[in-house]
Amino acid sequence: MNDTWNQVLGALPTIFVAITILAQFLAVTIKRDPRVTHAVTVVGLNLSLLSLIGLVAFAPIAVGPLFEVDPYALFFWAVVLIAGLAGSTFARPYLAGFEDRRDEFYILLVTSVLGAMALIASRHFAGLFIGLELLSIPLYGMIAYTFRTRAALEAAFKYLILSGAASAFLLFGMALLYAASGQLTYHSLSVAAAAGLGTSSDAWLLMGVGMMLVALMFKLSLVPFHIWTPDVYEGAPAPVGAFLATVSKTAVFAVLLRFFVVSPVTDNTWLIFLIGVIAVVSMLVGNLLALRQDNVKRILGYSSIAHIGYLMTAIVAGAPLSIEAVAIYLATYVGTSLGAFGVVALVSSPFSGKDAAHIDHFRGLYYKRPVLAVSMALMMLSLAGIPLTMGFIGKFFILSVAMASGLWWLAGAIIIGSGIALFYYLRVMAVLFMDRPASARELVADAPGLRYGQFIIWLLAALTVLIGIYPSPLIWLASAAGIVIPA
Amino acid sequence: MSLLVFTLIFPLLGAISLSLFPRMADGTARTIGAASVGLSALSTAFVALFWFWSGGFPYITTLWQWISVGDFQVDFGLYLDGLSITMMGVITGVGFLIHLFAAWYMVHDLEGKPGMARFFAYMNLFIVAMLLLVLGDNLLLLYLGWEGVGLCSYLLIGYYYETPANAWAAFKAFLITRIGDVFLAIGLFLLYAVFGTLNIQAILHLAPQVWSEGDTLADIAALMLLLGACGKSAQLPLQTWLADAMAGPTPVSALIHAATMVTAGVYLIARTYGIFLLAPGIHELVGIIGAVTLLIAGFAALAQTDIKRAIAYSTMSQIGYMFLALGVGAWHAAIFHLMIHAFFKSLLFLTAGSVIIACHHEQNIFKMGGLRKKLPFDYWMFVIGGAALSALPLVTAGFYSKDAIIWLSLANGHAVLWLFSIIGAFITSVYTFRLIFIVFHGEQKTEAHAGRGLAHHVPLAVLAVLSTFIGALIGQPLAGVLPSGVVEGHPWIELFFEVVSSLVALGGLAVAMALYLGKRDFITKSVAKGRGAEAWQFFHNALGFDALYDRVFVKPYLAVTRAHRRDWIEAVVNVIPGLASALNTGLTVGQTGRVRTYTMVMFAGAAVLLALLMFG
Amino acid sequence: MEFTFFLAGIIALATTLRVITCANPVHALLYLIMSMLALAVDFYALGAAFAATLEVVVYAGAIMVLFLFVVMMLNLNNETVAREKSWMRPQLWTGPSIAAGLLLLAMIWALVTGSPASGRIVGTELSANEVGMALFGPYVVVVELSAFLLLAALAVAAHIGREDRDLAAEGAEHGERVTNHPGDH
Amino acid sequence: MTGLPISYGIGLAALLFLMGFAGLVIRRNTLFILMCLEIMMNAAGLAFIVAGAQWQAADGNVMFILIITVAAAEAAIGLGLLLQLQKRFRTIDIDAASEMHG
C-alpha cells in the first residue's frame with residue numbers, strides 16, 4: 001500500500017495534467033468560453049509545476065516498471081510544462097480571430113503535454129511508444145486546427161503521413177529488440193543480451209536500435225529525416241510552431257538521451273560514428289537551407305535542424321558532462337524558440353488567414369512594437385549564440401563537451417555552422433530596425449489576451465539576458481538533473 | 001561593498017528603459033538619462049567613502065561564476081583598488097556633469113527632431129561598458145567593456161547618420177580601433193595560453209615567476225597590449241580616427257573622446273604594468289609613441305579651423321603626455337594627468353558645444369570672433385579650461401599634473417623625451433590661446449545667443465572649479481597599486497626645471513598674443529602663400545597621416561583587389577559564399593513540397609542508414 | 001502449425017502486394033481486409049488467439065469499415081480507376097524499389113547473421129487471461145494514457161470533421177470575438 | 001529442434017513492412033497512402049506477436065493492443081483530414097498539397 005502511494009506521489013504532476021484535461025472537457029460541456037478553458041489550462045499546468053517542486057525531495061521514484069521519475073525527468077517536465085503554458089498563452093490572442101470553436105485547442109495542447117511528460121519519464125518501450133503517440137496525435141489536430149487555410153491542412157497531412165511511417169519504424173525496431181532479448185525496458189536489454197544472445201553489436205539489436213533511431217531522428221528532424229520540418233513549421237499556426245519546436249523536440253531528445261545513457265545496446269562505435277556524421281550533416285544542411293530563406297517560420301524550422309544537430313554532439317560524446325550540457329542547451333533553446341515563435345504569433349494575432357511570417361512583415365517592427373522587436377532581436381542573438389545571451393551558454397557547454405571528448409570534427413562543424421547561421425539571424429534582426437514601408441501589414445493591438453502573451457515575451461527576453469550573464473542557477477539545476485540507471 | 005554593483009545597475013536600467021520605449025517624451029528621456037548616471041555617481045561616492053574608511057585595501061566582489069567548464073572558469077568579478085576608484089570617479093563624476101550638460105545641449109541640437117531617447121540610451125550604455133572595463137577583475141570582462149565602449153562610440157559618432165560623412169567617420173573610427181582590438185585579443189589569448197588564467201591580478205602575480213626580464217613572449221604580449229591601447233587612445237600609428245570622430249554631438253566628444261574612452265589605453269597599460277616592466281624595450285616604446293604623438297598632434301592643432309577638431313588634436317596630444325609618463329615609469333603622474341585632463345578637456349569641449357549652439361551650429365573659428373562680450377560666461381569658462389590645458393603656473397590644475405610628467409621624464413633620465421615634452425608644452429600654449437583669441441577676441445562676425453539654465457551653467461562651473469588648482473588637490477590612492485616613479489632629486493634642480501616649463505608655457509601665451517591678439521597681419525600673410533601656406537596645409541592635415549595611409553594601405557589594397565578581381569585567389573575566396581549559396585540552392589531544390597518526395601527521401605535515408613549500419 | 005503459418009503468410013503477402021498495386025480503391029480495401037484476416041490466422045498459429053480475435057474484430061472489422069465509409073463518401077467511379085492507373089507509371093517504381101531492395105537486404109542480413117535467428121517458436125497458446133493480467137497489472141498506466149490518447153483523437157476528429165455550415169448554425173455562441181479583421185497588406 | 005524459426009516470422013513482418021513503405025512512396029491517392037500506413041503498423045504488430053510467441057510472454061500482445069489503439073486513432077484523424085483535403089483542394093491527389101516548398 002505504501003508503495004502504491006509512493007507511486008501516486010511520483011505521478012502527481014502527470015495526474016494534475018490529466019485532471020486538467022478532464023476539467024477542460026467538463027468546462028466545454030457546460031459552456032464554451034475560451035477564457036475559461038484557457039484559465040483551466042493555466043491553473044492546471046501551474047499546479048503541476050508546483051507539485052514538481054514538492055517532488056524534488058522524493059525523487060527518484062519508480063512508477064511501475066514503465067516510468068522513472070528521477071531528477072532528469074523533473075527537469076524536463078518543468079521545461080515542457082513551461083513551454084506548454086507559454087504556447088497556450090500565445091494561442092489566446094492568436095485564436096481570437098479564428099472563426100470556429102477555440103476550446104479544443106487547449107485540450108489538445110494539454111494532452112500533448114501529458115504525452116511529452118510520459119515520454120520523458122519512460123524507461124520502457126510501451127511508455128516510449130504511447131508517450132510519443134500521445135504527444136503526436138493531438139499535434140496533428142493542432143497543426144490542422146485552422147484547417148480552412150490550405151497551408152495548415154497541407155502541413156498536417158505531411159506531418160501525419162511521415163510521422164505515421166516513423167511510428168511504424170519505431171515499433172518495428174522495438175519488436176526486433178524484443179525478439180532478440182525478450183525485454184522491453186531499456187536497462188534490461190543488455191542483461192538479456194549478455195546472457196547468451198550475443199554481444200551488443202549483434203545484428204538484431206543493432207537493426208532494432210537503428211530503426212528506432214530513424215523514428216526518433218524523424219521527430220527531431222535530423223538529416224535525412226528533416227525534410228518535412230520547414231513546411232510543417234510554416235503551415236502550422238504560429239503558437240503550434242512554438243509548441244512543436246519546444247515541447248516535441250525536448251521530450252523526444254530527452255527520451256533519446258535517456259535511452260542512450262541507460263541502455264548499453266547503444267554501445268557501438270560504428271553506430272555512434274554514424275550518429276556523429278548525421279549530426280555534422282544536420283548542422284551544415286540546416287544552416288545552409290536557412291541561408292536565403294525569406295519566411296521567418298521556415299528560417300526557424302531550418303535552424304532547428306541545425307540546433308538539434310549541435311545537440312547530437314552530446315550523444316556522440318557520451319561524456320559524463322553530456323546530460324548537463326543537453327539540459328542546459330535544451331532549456332536555453334526552448335526559451336529562445338518560444339520567444340521567437342511567440343513574437344511571430346503575437347505579430348500575427350489575431351488569426352486572419354496566413355501568418356505574418358514573411359521577413360518583410362517584420363520590417364520596422366521596432367517603431368510599432370518596440371518591446372516585441374527588441375525581444376525578437378534578443379532571441380535572434382541568443383539563437384546565434386552571441387555572448388551575454390543564454391544561447392551562448394548552451395552552445396558553450398556543447399562545445400566544451402565536444403572538445404573534452406576530443407571530437408574536434410564535431411566542434412569544427414559547430415563553429416562552421418554557427419558562422420553560417422550568424423548571417424541569417426542578423427538579417428532578421430536588421431530588418432526589425434529598418435524603415436517601415438508604406439505597404440506594411442498593419443498590426444492590431446486589441447486582441448483579447450494579447451498582453452498576457454506580451455508579458456510572456458518580456459519574461460523570456462529578460463531571462464535570455466539574465467541567464468546570459470548569470471547562468472549559475474540554470475547550471476546548478478542542470479547538473480542536478482541526473483538520470484537514474486535502474487539496477 | 002555590494003554598493004559597487006549599483007554604479008553599474010543604474011545606468012544599465014537607464015539604457016534598458018530608454019531603448020525599450022523609444023517613443024517616450026524627450027523630457028522623460030533626459031531625466032532618465034542624466035539621473036541614472038547621477039545615481040551611479042552617488043553610489044561611486046559612497047563606495048569610495050566606505051573604501052577609504054575600511055582602510056583602502058584592494059577589494060574583490062565576485063558577483064557570480066559566469067562560466068565554468070572543467071578547468072576553464074571565468075568569474076563575473078569586480079576588482080576595486082585605487083586605480084579603479086580613480087577611474088570610476090572620473091567616469092561617473094565627469095560623466096554625470098556631461099550628461100547634465102547634454103540634457104541642455106541635445107534640446108538645442110535636435111531642435112525637436114526625434115532621437116533623444118536613442119542618444120541617452122547609447123550614453124548610458126557607454127557608462128556601463130566603461131565601468132565594466134575599469135572594474136572587471138579579469139581580462140575577459142575588460143575586453144567586454146572594451147568592445148562595448150567601442151560599439152557605443154561607433155553608434156554615437158554616427159548619431160546623425162543621415163549625413164553620409166558622419167556615417168563614414170563612425171565607420172573609420174570603428175575600423176581603426178578594431179585593428180587595435182584585434183591586437184589586444186591576440187595579447188589576451190597569449191596571456192591565457194601562458195598563464196592559464198584570465199584574472200588580471202593572478203597574471204600580474206605569475207608574470208615575474210614565469211618570465212624573466214626581456215623574455216620574448218613578454219615582449220610580444222606587451223606589444224600586443226600596447227597596440228590595443230594605441231588604437232583606443234588614438235596614438236601613433238592608429239591616431240587618425242579621433243579628429244573625424246568629432247562628427248558626433250559635442251557631449252559625446254567630451255565624454256568619450258576626451259574624458260573616458262580614449263584614456264582606456266592609458267588605463268590598460270597602467271593595469272598591466274607588470275608585463276611592461278618585464279619588457280623594457282616595449283616599455284621604452286610607450287614613451288616614444290607618446291612623445292611623437294604629442295608633438296604631431298600639437299602641430300596639427302595649430303592649424304585647425306574647426307573648433308572641435310582643434311580640441312580633438314589637443315586631446316591626442318595630452319594623451320601623448322600620459323603615454324610618455326607611462327613610458328618613463330611615472331605611473332602616478334600619468335593617472336593624475338588622466339584625471340585632470342578629464343576635467344579641463346571636458347570643460348573645453350562642453351564650452352565649445354555651448355559656443356557652437358550659441359552661434360547656430362557654426363564650428364569654423366574664423367567665422368566666430370569677438371564673442372567675449374556676447375558670451376562672457378563661455379569666455380571665462382574657456383579661458384579657465386585653456387589655462388589648465390596650457391598649464392599656466394600655480395593657479396591651474398594642468399600645471400601640477402603636466403609639470404610632474406615633464407619633470408619626471410627628465411629625472412628618470414630621458415632627456416630626449418623631456419625635450420619633446422617641453423616643446424609640446426610650448427605648442428600647447430600657443431594653440432590654446434590661438435583658439436581663445438580667434439574665437440573670443442577681435443571683431444564680432446556672427447550673432448550669438450548665450451545658453452541659459454542650470455543644466456548649462458552648473459556642469460561648466462563645476463568643471464571650471466576642478467580645472468583650477470582645487471582640482472589638483474584631489475589625491476589619488478595609487479600607493480601600492482602602481483609604483484610611484486618619483487625620483488628623489490635635489491629640490492633646487494626640480495624647482496629650476498619647474499620654472500623653466502612655466503616660462504615655456506607663458507612664452508607660448510606671449511607668442512599667441514603677439515600673433516593672434518590684435519591685427520594678426522603677420523600670421524595671415526605668412527600662411528597666405530609659399531612655404532607658409534604649405535606648412536599650414538601640412539599641419540592642417542595632421543602631418544598628412546591620412547594621405548599617407550591612403551597611399552600606403554588603402555590605394556595599394558584597392559589596387560590589389562582590383563588586380564585580383566578575377567584571378568584564382570579571388571575565385572578561391574569566392575568559393576565560400578559561392579559554395580554556401582550553391583548548396584543552398586541545391587538543397588532547396590529538395591524541398592519540393594511534395595509528400596512523395598519527402599517519403600522517398602525518408603525511405604532512401606532509412607535504407608542507406610540501416611544498410612550502412614549493417615554492412616559498415 | 002508451420003504449414004498454417006506459411007500458407008497464411010503467403011496469402012497475406014500476395015494480397016498486400018495487390019493492395020499497393022491495385023487501381024480500384026474498393027478492391028484494394030477488400031484485399032487489405034483479406035490480408036488482415038490471413039494475418040489473424042498467423043496470429044492464431046503462433047498461439048496468440050486473443051490478438052487474432054482483435055485483429056479480426058478491430059482491425060479488419062472496425063478500422064477497415066471506416067475506410068470503406070470514406071470511400072463511399074468520396075463517390076469514386078471508373079474515372080478514378082483510370083486516373084489511378086495513369087498515376088502508376090513504371091518509372092515511379094524504380095526509386096522505391098531500389099530503396100526497398102537495399103532495406104530488405106539489410107534486414108535479411110540482420111535476420112540471418114544475428115544470433116537470435118536460431119530461436120524457435122513452439123506456438124504455445126497464450127490465453128486472454130494472461131494478456132489481461134499484464135494489461136491491468138504492470139501496464140495499467142499505459143492503458144490510462146491510451147484512454148487519453150483516444151480522447152484526444154476524438155477531439156481532433158470532431159474538430160477536423162466540422163463543416164462550414166456548422167459555423168453558421170452556431171452563430172454568436174462564442175465568448176469573445178474580434179470585430180475588425182486586419183487584411184494582409 | 002522443432003518449431004518455427006523466429007526469423008521466418010520476423011521476415012514475413014519485414015516483407016509486409018517494406019511493401020507498405022514502398023506503397024507509401026509510390027501511390028498518389030491519399031486513401032492508398034493511409035492504407036499503406038495501416039499495412040506498416042500491422043506489420044510491426046505482427047513482429048511483436050512473433051516475438052511474444054518466442055518468449056511466451058504477454059508483453060508482445062500488450063504491445064499489439066497498443067498498436068491497434070494508435071492505428072485506429074491515426075486512421076480516424078487521417079480520414080478526417082482526407083475529407084477536408086477533398087473539400088479544400090477538390091482532389092485527393094497528394095501532389096496537390098504541395099503549395100509550401102523551398
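Chain A is the first sequence line, chain B the second, and so forth, proteins listed ahead of strands; every chain is numbered from 1.
- Using a 4.5 Å cut-off between heavy atoms, A/Phe67 contacts chain C through its side chain alone, with no backbone atom that close.
- The two residues C/Ala152 and A/Thr111 come nearest to each other via the heavy atoms CB-CG2, 3.7 Å.
- Between C/Ile160 and A/Ala144, the shortest heavy-atom distance links the atoms CD1-CB, 4.2 Å.
- Both the backbone and the side chain of A/Ile137 come within less than 4.5 Å of a heavy atom in chain C.
- Counting only residues at least two apart or in different chains, side chain to side chain donor-acceptor pair (under 3.5 Å) contacts with residues 12-39 of chain C comprise C/Thr16-C/Ser35, C/Arg18-C/Thr21.
- Looking only at side-chain heavy atoms (C-beta outward), C/Arg162 and A/Glu104 stay at 4.5 Å or farther from each other.
- Taking chain A as the reference chain and counting heavy-atom pairs below 4.5 Å, the highest number among C/Val141, C/Val142, C/Val112 is found for C/Val142.
- For a residue to count as touching a neighbouring chain, one of its non-hydrogen atoms must lie under 4.5 Å from one of that chain's; by this rule A/Leu184 touches chain C with the side chain only.
- Between C/Phe148 and A/Ala18, the shortest heavy-atom contact is CZ-CB, 3.5 Å.
- A distance-only check finds a donor-acceptor pair linking the side chain of C/His159 to the backbone of A/Tyr145 [under 3.5 Å].
- When all heavy atoms of C/Val156 and A/Gly141 are compared, the pair lying nearest together is CG1-CA, 3.5 Å.
- For the pair A/Ala203 and C/Thr113, the tightest heavy-atom approach, listed with the atom from each and the gap, is CB-OG1, 3.5 Å.
- Of the atoms belonging to C/Ala106, heavy atoms from both backbone and side chain fall under 4.5 Å from chain A.
- Looking at C/Leu111 and A/Leu176, their side chains come closer than 4.5 Å, going by heavy atoms from C-beta outward.
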